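Structure, as structure tokens:
Here is how names work: the chains are called A, B, and so on, in the same order as the sequence lines, proteins then strands, and each is numbered from 1. Note that this is a predicted model, so its numbers are computed, not measured.
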Amino acid sequence: MIRVYNTLSKQKETFQPLEEGKVGIYLCGPTVYDKSHIGHMVGPIIFDTIKRYLSYSGYDVTWVVNITDVDDKLIMKSRERGIPMEAIAEEMTADYLSNLASLGVDQIDHMPKATENIDEIIQFTRELIDKGFAYAVDGDVFFDVNADQGYGKLSNRTADAAQGEGGEAAARKKSSSDFALWKAAKEDEPSWDSPWGQGRPGWHIECSAMSRRILGESFDIHGGGLDLVFPHHENELAQSECCHGKPMVSYWMHNGLMRAGDATGKVGGRSDRDENDSETQATVETKISRSKGAGGLADLIETHGGERIRFFLLRTHYRSTIVFSEAGLQEAGTALESFYRLFERYERITGNCFYKLVPTTQRPEENSRDQCEFLQQVDVHRQSYLDHMDDDFNTGGATSDLFDLVRTINRYIDQNEIEQSASEQHLAALTIAVQILRDLSGILGIFSSPQKNEAGNDELTGQLMELMIALRAEARASKNFEIADRIRDGLAEIGVTIEDRKDGTGWRVG
RNA sequence: GGCUCCGUGGCCAAGUGGCUAAGGCAGCGGAUUGCAAAUCCGCCAUCACCGGUUCGAAUCCGGUCGGAGCCUCCA
């Protein structure tokens, strides 16, 4: 039984899809006016993981992430850079997509763009006018907040407490909290034909229109960052529910926002150039999108690798604030090492590559019958992992079970001296356990392929290392530890670690 | 001012009424090792503070202090 925290009810609820066995998820994606920063990746990574888990649990999931490719910021950017809005959108969408790919986000089924759904948007707006929830004034169309009884229920706000956008449009609105569904085109703005003249969509309407087109009038999960609860999701909900007269989504899920936490004020390894007043900045933590150094996600991926970043994000609960820091990322990397080491150990023993194991796509039945003690322990951790995930996708708790699994497997190998000589039985049990680790980590979207370890992968290095190790072995055999240690220490200085294992000497970079 | 949320060991972080408060990083002790590395074993918290409810609270209620977000664009 999966439980989900619903922003609308402010509590965890039992997950029950509208249609048996099927789940529709809509996640608010980026406005593509600039390069994405790490904060933009929180939602995609957690929902990618949620989709993996729901699929594993037997649901047929459809996941939609929209691209907002027309709005004020895009228009401004286009003027600044003197190139068409479409060119900016295209460039930034490509950036976004490549970041997603690096972070292993590959579960998205549809990525509709606002500009490709103008007809739906106009249609939706027209329906709202026909039903008396919206009105047109001089080419603008506004949503009439006071016509909506339920307005404010998502963000717990009353209609009049919610100030809509001000500016010169304010004068034409019936109430200041009314918001634009359609904006009349100004000079030099991209625009489309509509029953109200040339114009473009307001910010919220595209999501109502596109989610309906792809997922239907009502669907299961709508997600986004906590900062979207108001006004964006409140308004979306108002539009859709007024238009259809029924609930828009069953579960509203919002991820916590990321803050920049490095003492230096750095984000993404960039120095914060424009900060020159005193030391007060030292401990300032701000929301990433407001921090001066926001950006540099590509650099971050380059230096740390997507897997480390993904793991870093998934180690905390999706609803809590994550303080971003280089140190935190470093630590995540250190923690991942124990997994990589186990994978190598497994390969040395069985000759099989962990990454070539095919993940089981179906959640197995409850505990297995008469197994050896080891596999029973493995089962305990597997079950604990699933319990964590069932509880509002608690990936932070689930990762601890992964570490428990690693320790359990290492202990089994140690205690039974499997590295020295393995019986069929041991190998079979080991294989089952590692397969389970494969399946469970696959749900988090990690360890799907080897992380490129740049250095030391070429043939020459391998041969040289073989030689060094042989020389050291000879020195050790003749108890010439001075030479042996000189070899080991010298290698350590250039970043190569020698490991004398039960089954022979090995080496690793880093 | 209105509305949310958070404060768990040196650091990060699960846990939101009841077995001995997960896990990671760092540290310490031990096994192993020629010494290391890796691995395993063990150790390291009464949960910001005060008061209350309860047989029983980190977990519920009230207050205090500290921190964050939203109320304008934001993932």
Side-chain angles (χ1 to χ4, degrees), chain A residues 7 10 12 27-31 33-34 36-47 65 68 71-73 76 96 152 155-158 161-167 177 203 223-232 234 254-259 261 283 285-290 294 311-312 315-317 319-323 325 327-328 330-338 341-342 344-345 381 384 388 391 394-404 406-415 419 476 479-481 484-485 488-489 492 497-502 505-508:
Chain A
T7 306
K10 294 186 179 56
K12 286 183 196 169
L27 174 71
C28 282
T31 300
Y33 67 99
D34 206 347
S36 34
H37 58 253
I38 187 171
H40 289 126
M41 298 294 123
V42 179
I45 288 174
I46 183 64
F47 280 93
V65 179
T68 300
D71 96 329
D72 293 347
K73 287 192 295 269
M76 267 167 52
Y96 184 71
S155 58
N156 192 22
R157 238 167 272 242
T158 56
Q163 286 295 325
E165 56 217 309
S177 22
W203 176 29
L226 215 43
D227 53 351
L228 293 183
V229 175
F230 186 88
H232 186 52
E234 190 71 72
H254 292 96
N255 60 267
L257 304 175
M258 182 173 274
R259 288 189 293 150
T283 54
E285 294 175 354
T286 45
K287 199 166 139 186
I288 290 275
S289 59
R290 282 183 174 156
F311 187 68
F312 170 71
R315 284 182 82 187
T316 80
H317 191 93
R319 276 190 283 120
S320 60
T321 302
I322 302 172
V323 177
S325 70
Q330 280 304 343
E331 195 199 301
T334 307
L336 283 172
E337 287 298 320
S338 58
R341 288 208 173 89
L342 176 62
E344 289 165 13
R345 203 176 190 195
H381 294 131
S384 172
H388 276 125
D391 182 14
N394 183 355
T395 56
T399 54
S400 76
D401 299 310
L402 256 28
F403 285 105
D404 284 338
V406 168
R407 190 173 337 97
T408 303
I409 293 171
N410 272 324
R411 186 197 299 134
Y412 184 67
I413 295 171
D414 282 358
Q415 286 179 347
E419 280 174 310
R476 292 176 73 203
K479 300 242 189 288
N480 189 343
F481 296 121
D485 290 349
R488 189 181 61 201
D489 297 344
T497 309
I498 291 292
E499 294 182 2
D500 291 320
R501 311 185 191 99
K502 290 274 163 52
T505 299
W507 61 280
R508 53 179 12 260

Nucleotide of [options] approaching [X] most closely (side-chain heavy atoms):
X	options	answer
A/Arg157	B/C70, B/A68, B/C11	B/C70
A/Arg411	B/G23, B/C41, B/U39	B/C41
A/Arg488	B/A37, B/C35, B/A14	B/C35
A/Lys73	B/C25, B/G23, B/C73	B/C73
A/Arg407	B/U4, B/A14, B/C40	B/C40
A/Asp391	B/G34, B/G23, B/U16	B/U16
A/Asp227	B/C25, B/C70, B/G34	B/C70
A/Glu499	B/A37, B/A68, B/U39	B/A37

* Test: A/Asp391 and A/Lys12 ion pair at under 4.0 Å -> yes
Whole-angstrom distance between [N] and [M], as gauged at atom [atom1]:
N	M	atom1	result
B/A14	B/G69	C1'	22 Å
B/C65	B/U39	P	47 Å
B/U59	B/G18	C1'	11 Å
B/C5	B/C50	P	24 Å
B/C6	B/A48	P	13 Å
B/U4	B/U20	P	36 Å
B/C11	B/C49	P	14 Å
B/A26	B/G17	C1'	33 Å

Considering every strand and a 4.0 Å limit on heavy-atom distances, what is the contact class for [X]: base, sugar-phosphate, or nothing?
X	result
A/Ser384	nothing
A/Arg476	base
A/Asp500	base
A/Asp404	sugar-phosphate
A/Gly224	sugar-phosphate
A/Leu226	nothing
A/His317	sugar-phosphate
A/Gly29	sugar-phosphate

* To do: Examine A/Arg476 relative to A/Phe481 and say whether NZ or CZ is less than 6.0 Å from the centre of the six-membered ring and inside a 45° cone about the ring axis.
  => no
* Side-chain donor/acceptor of A/Asp401 to base of B/G23, under 3.5 Å -> no
* Can you find a donor-acceptor N/O pair under 3.5 angstrom joining the side chain of A/Asp489 to the base of B/A36? -> no
[N] pairs with, by Watson-Crick or G-U criteria that keep both distances under 3.5 Å:
N	answer
B/U32	none
B/U53	none
B/U59	none

Less than 4.0 angstrom between a side-chain N/O of [X] and OP1 or OP2 of [N], yes or no?
X	N	result
A/Asn410	B/C40	yes
A/Ser320	B/A14	yes
A/Asn255	B/A75	no
A/Asn394	B/G15	yes
A/Arg315	B/C25	no
A/Thr31	B/A75	yes

* Would you please determine if the base of B/G24 is stacked by A/Phe403, with stacking meaning a centroid separation under 5.5 angstrom and planes under 30 degrees? =>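 Taking the rule of under 5.5 Å and under 30°, the ring of A/Phe403 does not stack on B/G24.
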* To do: Would you confirm whether A/His388, through its side chain, and A/Ser384, through its main-chain N or O, come within 3.5 Å as a donor-acceptor pair?
  => yes
* With nearest nucleotides of RNA chain B determined for A/Asp414 and A/Pro231 from heavy-atom distances, which residue corresponds to the more 5′ nucleotide? -> A/Asp414
* Select from A/Tyr33 and A/Arg345 the residue whose nearest nucleotide in RNA chain B is closer to the 5' end of that strand. =>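 Between the two, 5'-proximity favours A/Arg345.
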* How close or far is atom C1' of B/C70 from atom CG of A/Leu257, stated in whole angstroms? -> 9 Å
* **A/Arg488 and A/Glu499: CA distance, side-chain angles, deciding distance, salt bridge (charged side-chain N to carboxylate O under 4.0 Å, His left out) verdict** => CA-CA 9 Å; A/Arg488 189 181 61 201; A/Glu499 294 182 2; over 6 Å; no
